[in-house]
Amino acid sequence: MIFGAALLSLAACSQDELTDDNALPEGMYPLEIASVAISGESSVQPWGAQSPQTRVSENPMTGTNSVWDTGDEFYVKFKGSDDVGMYYIERLSGDLPTVKASTPTYWPSASGQQTIIAWYASQQEETIDLSDQSKGLVYVIRAEETATYNSLNGAAVSLGFKHQLAKVRVQFTGTNASKVEDVKIEGYTSCTLTENKEVSTVGAQTDDIIMRKTTGLMTTGTECWEANMVPGEIETIKVNGVPATITPVTSTAGKLSTITIGVNPIEIDLQEGDYTIADNGEYVVSGSNTNALVIKGSPTVTLSDASITRDGGGIIVESGSPTFILKGTNTVSNATLQQSANTQPPFVIKGENTNVTIQGEGTLTVDATKEGQNTVAAIGPNQHEKCGNINILGGTIKAYASHTVAIGAHKGASCGNITIKNAAIETNGWPAIGSSNAGAANSNTSCGDI
């Protein structure tokens, strides 16, 4: 991708003004930039110049090219020289904005080819910070060309500016695309410029880069997330703090890489074994299963016509504050009648700070009885353990227990508050909701507010 081209010329001088060794008098013959022109190279996804240029930022129409603005400054030097000139866009005039020098650089010699380097960086510090681009993209663009001084009519040199960073765009599809609030991409969080203004990562570290959210491209209205990065392989993107599954992409300087991620609930297959959720993502469980769903985070889990039949807990919430959405008809129950096998509720909640919310429009049946006289709660903590709050905010809950509480704490256990709102409850237990010693008279069993 080519950002643009600069046409350079110099004031003419007569041959007798030159010294015998062809060296030009120092500080006498400045390099003048007459205008900024536009050129580009073919690319499937160009990220280059587009006429007219208006600012060093992204074109809001397409987001696939960068543009100038009046007052933008860039630097020019002859390779091998410490003399650096500063130039700026004086005004925009169609495709050929007028360029002037704030501090010109000077031709060093009247003979032989000279290498001219020009560059623009949105940060002028020695180290360019790439780690947080949520407020705006970071740019490094560079041009290099050879030219020979011409004493008769000056020199017209075309410099093609090219991005030294790669642009990466992440787009989202799926039912939960609108819920994306935070996107981070792994890469070098900084870079430096060498003497010849090439990007270097010497001493740099890789970590998360915070991407910028667009407000929607005017041509498509599509919202996306972007960052300018040191070119290289992209393997990790975090969406709302959760790593997304992507095919690795190799980004290239001056090119736009677009990555599309489907944001849909993850479908869990409990047929393959116990499944542990340890994040805050969205999941769906369906079908008949004999293995446990273990939760160690605060995800949203949709139970959609799911059946889990298992001794020792079918749903085990070990930590966090998950939310369960009910769709269709769902059941969680003991598999056998053996007292020794059923030492914890089918829907067990572990930990004083572990809270559970159940909502939706479906039905959940939690059966801890079968036909035996088990003293196991249906929904709640293990005996002699603690759990947090139980919130039932929708759906129909059918909770069955024998000789102990159905929803709440039993046999020396304790639970937090139990809130029931906009839900239908069908239950039998001893008591139905709250706490029960279940024959252990000396146990300290308790429940919070109901």
Separation between [atom1] of [X] and [atom2] of [Y], rounded to the nearest 0.5 Å:
X	Y	atom1	atom2	value
H163	K255	NE2	NZ	11.5 Å
L130	Y188	CG	OH	12.0 Å
T236	E186	OG1	CD	4.5 Å
C387	I379	SG	CD1	10.5 Å
I450	T419	CD1	OG1	9.5 Å
N330	L364	CG	CG	6.0 Å

Which atom pair, heavy atoms only, marks the closest approach of [X] to [Y]?
X	Y	answer
R142	K197	CD-O, 2.9 Å
A378	V366	O-CG1, 3.2 Å
G416	C447	O-SG, 3.8 Å
E90	T70	O-CG2, 3.2 Å
W225	D182	CH2-N, 3.9 Å
C415	G408	SG-CA, 4.1 Å

- Around E233, counting heavy atoms of other residues, nucleotides and ligands shown, do more than 12 lie under 6.0 Å from its CD?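 Yes - once you tally the heavy atoms of other residues, nucleotides and ligands closer than 6.0 Å, there are more than 12.
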- Message: Is it the case that atom CD in E267 sees more than 12 heavy atoms from other parts of the structure closer than 6.0 Å?
- Response: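 Not buried by this count: 12 neighbours or fewer within 6.0 Å.
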With a 3.5 Å distance limit and no angle check, can you tell me whether [X] reaches the backbone of [Y] through a side-chain donor-acceptor pair?
X	Y	value
Q123	D129	yes
T396	T363	no
N289	G287	yes
T173	T260	no
Y87	T105	yes
E318	I316	no
N417	G448	no
N264	T175	yes

Any side-chain heavy-atom pair of [X] and [Y] under 4.5 Å:
X	Y	answer
T192	V202	no
K350	V317	no
S333	P346	no
D279	I277	yes

- Item | For V263, side chain to side chain contact (heavy atoms under 4.5 Å, CB included) partners two or more places apart |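 Only F172, N176, V180 meet the side chain to side chain contact (heavy atoms under 4.5 Å, CB included) criterion with V263.
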- Decide if the gap between the ring center of F74 and the ring center of F161 is smaller than 6.0 angstrom.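 Yes.
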- Item | Between N196 and T194: side-chain donor-acceptor atoms closer than 3.5 Å |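 No, because no side-chain N or O of N196 sits under 3.5 Å from a partner of the opposite role on T194.
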- Query: Cut-off 3.5 Å, side chains only: do D367 and T369 have a donor facing an acceptor?
  - Reply: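 Their side chains do contain a donor-acceptor pair, which is all the 3.5 Å distance test asks for.
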- In sequence, state the C-alpha distance, the side-chain angles, and the governing distance for E73 and Y120, and then conclude on side chain to side chain donor-acceptor pair (under 3.5 Å). CA-CA 7 Å; E73 297 176 328; Y120 170 94; over 6 Å; no
- Message: Using the rule given for side chain to side chain contact (heavy atoms under 4.5 Å, CB included), can you reason through V285 versus L293, listing the C-alpha separation, both sets of side-chain angles and the distance that settles it, and then say yes or no?
- Response: CA-CA 9 Å; V285 179; L293 175 64; 4.0 Å; yes
- May I ask you to say whether R310 pairs ionically with D274, meaning some side-chain N is under 4.0 Å from a carboxylate O?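 Yes.
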- Message: Strictly below 4.0 Å, N to O, side chains only: are E181 and K179 in salt-bridge contact?
- Response: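 Looking at E181 and K179, the cut-off is not met.
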- Query: Where do N240 and N280 land on the side chain to side chain contact (heavy atoms under 4.5 Å, CB included) test, with the steps shown first?
  - Reply: CA-CA 9 Å; N240 293 345; N280 302 334; over 6 Å; no
- side chain to side chain contact (heavy atoms under 4.5 Å, CB included) with E226: which of R169, K213, Q133?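 Option passing the side chain to side chain contact (heavy atoms under 4.5 Å, CB included) with E226: R169.
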- Item | Check against side chain to side chain contact (heavy atoms under 4.5 Å, CB included), V332 and T365 | CA-CA 6 Å; V332 181; T365 299; over 6 Å; no
Side-chain donor-acceptor contacts of residues 296-308 below 3.5 Å, not counting sequence neighbours, with atom names and distances?
from: S298; atom 1: OG; to: S321; atom 2: N; distance (Å): 3.0
from: D305; atom 1: OD1; to: T329; atom 2: N; distance (Å): 2.8
from: S307; atom 1: OG; to: T331; atom 2: OG1; distance (Å): 3.1

- Message: Walk me through whether T357 and Q359 qualify under side chain to side chain contact (heavy atoms under 4.5 Å, CB included).
- Response: CA-CA 7 Å; T357 298; Q359 59 190 46; 3.6 Å; yes
- Query: Which residue pairs pass the ring-ring contact (aromatic ring centres under 6.0 Å, His included) test with at least one member in residues 250-304, sequence neighbours excluded?
  - Reply: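 Listed by first then second residue: nothing to list.
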